[in-house]
Amino acid sequence: MPATIVTHSFVPWQALEQHQTTLPTGSFGACANFVGSMRDFNAGDEVSEMTLEHYPAMTQHYLDELCGTTIAQWQLVDALIMHRVGIIRPGEAIVLTAAWAAHREAAFAACRHLMEELKSQAPFWKKELTPTGERWVHNAPSEK
Amino acid sequence: MPATIVTHSFVPWQALEQHQTTLPTGSFGACANFVGSMRDFNAGDEVSEMTLEHYPAMTQHYLDELCGTTIAQWQLVDALIMHRVGIIRPGEAIVLTAAWAAHREAAFAACRHLMEELKSQAPFWKKELTPTGERWVHNAPSEK
Amino acid sequence: MSIDVKFFASLREHVGTDSVTIDAGRVRTIHDCWQLATQSADLPDNTLCAINMQYAKLDAAVEDGAEVAFFPPVTGG
Amino acid sequence: MSIDVKFFASLREHVGTDSVTIDAGRVRTIHDCWQLATQSADLPDNTLCAINMQYAKLDAAVEDGAEVAFFPPVTGG
């Protein structure tokens with residue numbers, strides 16, 4: 001149930017493939033996962049680069065706890081969270097959440113829960129670079 | 001928006017990585033996907049092998065249409081369905097559904113929709129091999 | 001002047017064949033196709049039907065040249 | 001007898017520093033920490049607070065040796 005803060009570009013599909021080999025073959029029937037990646041536009045502007053700041057000790061603590069409670073709540077085989085920090089470019093993966101379960105209902109619900117909790121609670125902050133300069137991102141509730 | 005019927009073992013993560021390279025970089029912020037794989041137990045019995053039968057022409061037609069309507073309904077950047085047929089062994093992937101969108105709400109909802117529609121409508125049938133012989137699978141509504 | 005009738009999965013085993021071609025002049029509905037193609041075999045309650053790859057009901061009309069299919073509830077995914 | 005006070009993101013820029021160590025004897029609540037660490041700077045409405053990596057409210061009591069953090073609404077994921 002690892003939660004990992006990643007400082008360099010990563011390929012989420014490779015992380016999933018790699019992590020799944022550590023799980024007992026045939027123990028799960030469902031893996032739901034989500035990859036958030038950087039777009040080259042936001043709020044009507046081109047975005048060429050993003051810097052992700054975080055509160056390292058709290059982030060790790062929070063994500064570990066989130067993995068643990070989510071596994072327990074949905075009786076998952078396992079869960080995985082990866083999150084980028086530092087300078088990110090369009091197309092690069094920002095976040096990966098994954099949940100392995102016996103059946104799809106639990107996998108879907110748990111994967112969604114990991115993302116929603118992370119988005120609303122984990123201490124990360126995005127700063128975008130646009131043609132008119134840098135700006136902190138504000139989450140629009142309508143843009144889930 | 002390809003829907004593909006697969007006759008041999010496939011690695012869903014590689015298919016996702018490969019397909020995503022065909023999409024415009026930075027055009028999507030969210031990819032939700034689901035992988036269903038074969039468990040080595042079902043309804044209390046060990047399962048050593050499974051045979052997936054289908055109605056080829058109708059399956060392809062149905063899955064193509066499902067991709068198209070799902071992309072339109074959630075304004076997706078793209079969607080992907082892969083489904084195994086033939087003889088399958090525990091741990092192997094059976095089905096992959098994926099949805100790429102600007103935001104996560106649409107990606108999650110569309111990925112879930114692809115799976116639920118496919119499970120309830122696409123003409124596939126599973127036959128399991130257990131220690132006491134072969135049996136056709138009946139879907140238990142409680143085991144979503 | 002013919003209709004292809006297909007059977008899948010447990011229904012294929014129940015009927016004992018995967019495909020029968022019948023005379024289009026002798027059938028009007030899907031149910032007629034079942035009767036003629038299976039020599040009036042018992043029709044399981046939960047059987048699903050399709051005409052030309054689209055789900056249809058037992059009383060749906062079948063045209064010449066159609067492909068009609070009978071199968072049990074689907075269990076893919 | 002000290003408390004570490006940390007500031008992140010726009011709040012770090014607002015305050016002009018990422019970290020201040022203050023005298024634990026002079027504060028009782030998180031709000032006191034803000035006042036002392038920022039010399040009573042304006043506190044933005046939507047500011048979030050944590051004590052020892054757990055979310056807390058402005059009136060929560062702070063113990064000696066604690067790490068207190070102030071930051072804006074989170075925007076990760």
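Numbered from 1 within each chain, the chains take letters A, B, ... in sequence-line order. None of the values given here were measured: they were computed from a predicted structure.
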Chain A contact via B:F28 - which portion, at a heavy-atom distance below 4.5 Å: both

Is chain A contacted by the side chain of B:E92, its backbone, both, or neither, given a heavy-atom distance below 4.5 Å? neither

Under 4.5 Å, counting heavy-atom pairs only, tell me which of A:G29, A:A98, A:P12, A:A30 racks up the most with chain B. A:G29

Taking the side chain as every heavy atom from C-beta outward, state whether B:F34 and A:C31 have any pair of such atoms under 4.5 Å apart. no

Drop me the distance from A:L16's CG to B:E17's CD, to the nearest 0.5 angstrom. 10.5 Å

Heavy-atom proximity to chain B below 4.5 Å, by part of A:S37: both

Would you say that more than 12 heavy atoms from the other residues, nucleotides or ligands in this model lie under 6.0 Å from the CD of A:E116, or not? yes

Among B:P24, B:P90, B:A102, B:A106, who wins on heavy-atom pairs under 4.5 Å with chain A? B:A102

If you define the side chain from C-beta out and look only at heavy atoms, does anything of A:R112 sit under 4.5 Å from B:R112? no

Quick one: are B:C111 and A:F108 in side-chain contact, heavy atoms under 4.5 Å? yes

Max heavy-atom pair count under 4.5 Å with chain A, selected residue of B:Q14, B:Q20, B:R89, B:H103: B:H103

Contact origin within B:V11 toward chain A - heavy atom pairs under 4.5 Å: side chain

Return the option, out of B:D40, B:T25, B:T97, with the maximum number of heavy-atom pairs under 4.5 Å with chain A. B:D40

Tell me if the CD atom of B:Q73 is crowded by more than 12 foreign heavy atoms within 6.0 Å. yes

